[in-house]
Amino acid sequence: MSKTRAELIDQALINLGVIAEGQSIEADLVDKMDKVVDPACAQLSQLDIYYVQDAGEIGPTGGEIEDSAFLSLAAYIANAACASFNLPADTKLMALSQIAEATLTTLSRPARTRRTLRIDPAVAPVRTYYWGRT
């Protein structure tokens with residue numbers, strides 16, 4: 001299951017502390033946060049941290065954000081949006097953003113590439129070592 005762009009914006013606003021859980025969200029807050037989502041996702045992609053395949057459209061509409069990356073993306077975007085909401089740099093948000101970067105890096109790493117090749121013992125060559133022969 002995946003999350004939408006609107007859910008990502010809602011979670012980022014909650015992380016930012018602009019709205020409380022269960023409080024109705026004003027349209028101007030959503031518009032401000034919506035303008036931060038695309039640049040933040042582009043920055044993550046350029047830094048080779050994480051690539052969001054479908055972040056949705058401005059509005060907010062659409063989007064298929066993986067559940068595994070949802071909370072980390074919301075934390076990263078909330079930190080990136082501090083200036084847009086005239087909030088001072090918060091050490092808690094910066095720490096959560098750094099943790100989010102590490103988590104997103106882990107999520108985007110490739111599968112283990114160097115696997116051990118197993119050979120059937122019946123097919124394996126016979127190895128004879130001649131030690132001590134002169």
Task: E66 CD: over 12 foreign heavy atoms closer than 6.0 Å - done: no
Open item on the list: If I take atom CG from residue L96 and atom OG1 from residue T91, how far apart are they, to the nearest 0.5 angstrom?
Closed with: 9.5 Å
- [ ] Enter the distance from S2:OG to D67:CG here, rounded to the nearest 0.5 Å.
- [x] 7.0 Å
Open item on the list: Please check this pair: side chain of S45 against backbone of C41, looking for a donor-acceptor N/O pair closer than 3.5 Å.
Closed with: no
- [ ] Could you pull out all residues at least two apart from L107 that satisfy side-chain contact (heavy atoms from CB on, under 4.5 Å)?
- [x] Y50, S68, A69, T103, L104
Open item on the list: Going by salt bridge (charged side-chain N to carboxylate O under 4.0 Å, His left out), name the residues that satisfy it together with D34, two or more places apart in sequence or in a different chain.
Closed with: R5
Task: Closest non-hydrogen atom pair, S72 against A100 - done: O-CB, 3.2 Å
Open item on the list: Tell me every residue that passes salt bridge (charged side-chain N to carboxylate O under 4.0 Å, His left out) with D31, counting only those two or more places apart in sequence or in another chain.
Closed with: none
- [ ] Check the hydrophobic clustering (I, L, V, M, F, W, Y; side-chain heavy atoms under 4.5 Å; chains of links allowed) and say if V52 and I58 are grouped together.
- [x] no
Open item on the list: Nearest 0.5 Å, please: how far is CD in E101 from CG in L44?
Closed with: 7.0 Å
Open item on the list: Any heavy-atom pair between the side chains of V37 and I9 that's under 4.5 Å?
Closed with: yes
TODO: Please check if the side chain of Q11 supplies one atom and the backbone of L8 the other of a donor-acceptor pair under 3.5 Å.
DONE: no
Task: Check: M33 and L16 side chains under 4.5 Å, non-hydrogen atoms - done: yes
TODO: Drop me the distance from K92's NZ to N79's CG, to the nearest 0.5 angstrom.
DONE: 12.0 Å
Open item on the list: Quick check on the hydrophobic clustering: are I77 and L87 connected, directly or via other members, by side-chain heavy-atom contacts under 4.5 Å?
Closed with: yes
Open item on the list: Distance check, rounded to the nearest 0.5 Å: Q43 atom CD versus Y76 atom OH?
Closed with: 3.5 Å
Task: Shortest non-hydrogen contact from K3 toward E7 - done: CA-OE1, 3.2 Å
Task: Closest non-hydrogen atom pair between A78 and A12, with its separation - done: CB-O, 3.5 Å
